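Here the structure comes first, spelled out in structure tokens, and everything after it is commentary.
Along the sequence shown, the residues carry numbers beginning at 1. Computed over heavy atoms, backbone and side chain alike; hydrogens, waters and symmetry mates excluded. This is a predicted model, so every value here is computed, not measured.
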Amino acid sequence: MKPVFDGSFTQQEPIPDAGIAAALDVLRGGRLHRYNVAEGEAGEVALLEEAFAAFTGARYALAVASGGYAMSCALRALGVGPGDKVLSNGFTLAPVPGAIASVGAEPVFVEVTEDLTIDLDHLARLAGTSGAKVLLLSHMRGHVCDMDRLMRICDAAGVQVVEDCAHTMGAAWKGVPSGRHGAMAAYSTQTYKHMNSGEGGLLTSDDPVLMARAIVLSGSYMLYARHRAAPPSEAFEEVKWVTPNVSGRMDNLRAAILRPQLADLPRQIDRWNALYRTVEEGLRNTPALKVIERPVEESIVGSSFQFLLPSFCEARIGAVLDACAARGVELKWFGRAEPVAFTSRYDSWRFAPPQSLPETDRILAGLIDMRLPLTFTVDDARLIARIIREEVSTVALAG
Ligand SMILES: *Cc1c(COP(=O)(O)O)cnc(C)c1O
């Protein structure tokens, strides 16, 4: 009998007891709205923002309703509006072009490389010719590009960078935390990301005017003085009159759940990376399978795993997916023409002008993806790698 894996690729760990206790306190107090604080009380959201700013090293942090909201809020704070062009990754998930569309702007997609990072040569060309003044850079699936070169390209072209760190909360490039290169950075605390509050997001920046705009946009009314990781009141003087309220606040319940998770994140990152490196090791030297080599400059958070089957046609990829699924290993394929579950492609985002990305087409045609939730053990990771290795080998040898 071939061994079968019986874990769930969508099952996360429980909320830590400290988070449950803090959440019950918030519920008992009844003060769920972030600005509903008792005398002398900071409130869970303001404390979370302060802790997140310290964690990333950003001067300012703002907690919001979702990662998607954080991205659209950053674009609005940068003044992106209807008809503007915004550069972004051709390979990412739907909320990224969705954030661009939400402010009436048009995504201009950049090719992906075989390292699964944004193609910097293509970016350099488009930065000069597209007319875009902003890049919404998605660190898709946690793969970080050469951030020094990216910033040189964008600075030279006068393009401001918003980093989508939904998959890189806790990651770094040459020791600089992900999110610390661009003008603003957006994070998600949705269930499948690195901290789990069901829904939620965070936005960071060092720029007092951008952050003052973001805070007013998020729905602070004139209560911005209750923030802690925020610019001083002077920064709001102009901003408060001219910035619309586009409500998207986080509430104290979610922040209470998140604060203990943030304190635990470094330990969780080590656990994710143990799973990741186990799968990586187990898949090396599999015929027809290309492991994505991670550069030494990158400190990763291995919460998902990708590999390429560059020579396989659609039928063979289908055979691998079916055979792995029959043994309990749920793989996603980014090459599928129809969007399925969380995988969709730039050509399925038909709200954007049609664009042609031949390199991205070629790479996505062989790109396989799986989640590595922390409910898996290192032994599970070993078994998963073994199953994939066996089934890919079988299909490869079938000629
Ligand atoms: C999940 C995700 C987001 C947005 O997060 P939400 O909190 O679900 O809005 C943004 N970018 C990427 C790449 C994501 O996977």
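- By the criterion of side-chain heavy atoms lying less than 4.5 angstrom apart, applied directly or through intervening Ile, Leu, Val, Met, Phe, Trp or Tyr residues, V216 is not grouped with M250; the two fall into different hydrophobic clusters.
- Using modelled atom types, no side-chain atom of N273 and backbone atom of D270 make a donor-acceptor pair closer than 3.5 Å.
- Tracing side-chain contacts under 4.5 Å through hydrophobic residues (I, L, V, M, F, W, Y), one never reaches V246 starting from Y221; they form parts of separate clusters.
- Using a cut-off of 4.0 Å between Lys/Arg side-chain N and Asp/Glu carboxylate O, D379 and R382 are scored as salt-bridged.
- Put simply, the side chain of S197 gets close to the backbone of T189: a donor and an acceptor are under 3.5 Å apart.
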Under the criterion salt bridge (Lys or Arg N to Asp or Glu O under 4.0 Å), I'd like the reasoning laid out for E44 against R31: C-alpha separation, chi angles, the key distance, then a yes or no. CA-CA 10 Å; E44 289 283 348; R31 294 185 298 283; over 6 Å; no

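- In terms of heavy-atom proximity, F312 sits nearest to V392 at CZ-O, 4.0 Å.
- Between T92 and W349 there is a side-chain heavy-atom pair separated by less than 4.5 Å.
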Hey, mind stepping through R294 and E280 against salt bridge (Lys or Arg N to Asp or Glu O under 4.0 Å) and telling me if it holds? CA-CA 10 Å; R294 309 303 294 255; E280 183 181 52; over 6 Å; no

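- By the 4.5 Å heavy-atom criterion applied to side chains, F307 and L331 are counted as neighbours.
- Not a single donor-acceptor pair under 3.5 Å links the side chain of E330 to the backbone N or O of F9.
- The two residues I118 and T113 have their closest heavy-atom pair at O-CG2, 4.1 Å.
- Ion pair E41/R226 not flagged as a salt bridge, since none of the NZ, NE, NH1 or NH2 atoms sits closer than 4.0 Å to an Asp/Glu carboxylate oxygen.
- Ring centers of H167 and Y192: at least 6.0 Å apart, outside the cut-off.
- With hydrophobic clusters built from ILVMFWY side chains whose heavy atoms lie under 4.5 angstrom apart, V112 does not share a cluster with Y346.
- Judged by distance alone, the side chain of D146 and the main-chain N or O of R149 form a donor-acceptor pair under 3.5 Å.
- Side-chain atoms of L123 and V159, non-hydrogen and from C-beta on, never get closer than 4.5 Å to each other.
- Of the charged side-chain nitrogens involved, none lies within less than 4.0 Å of a carboxylate oxygen, so that E390 and K2 do not count as a salt-bridged pair.
- Between A212 and P231, the closest heavy-atom pair is N-CG, 3.9 Å.
- Under the 3.5 Å distance criterion, the side-chain polar atoms of H33 are matched with a main-chain donor or acceptor of Y35.
- Scanning for side chain to side chain contact (heavy atoms under 4.5 Å, CB included) contacts around P358 gives E111, S356, with sequence neighbours left out.
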When you look at E238 and R213, which way does the salt bridge (Lys or Arg N to Asp or Glu O under 4.0 Å) test go after all the steps? CA-CA 10 Å; E238 278 281 316; R213 286 184 194 146; over 6 Å; no

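- Using modelled atom types, no side-chain atom of Q11 and backbone atom of G7 make a donor-acceptor pair closer than 3.5 Å.
- Using a 4.0 Å cut-off between charged side-chain N and carboxylate O, D155 and R152 make no salt bridge.
- The six-membered or imidazole ring of F55 lies away from that of Y187, with a centre-to-centre distance of 6.0 Å or more.
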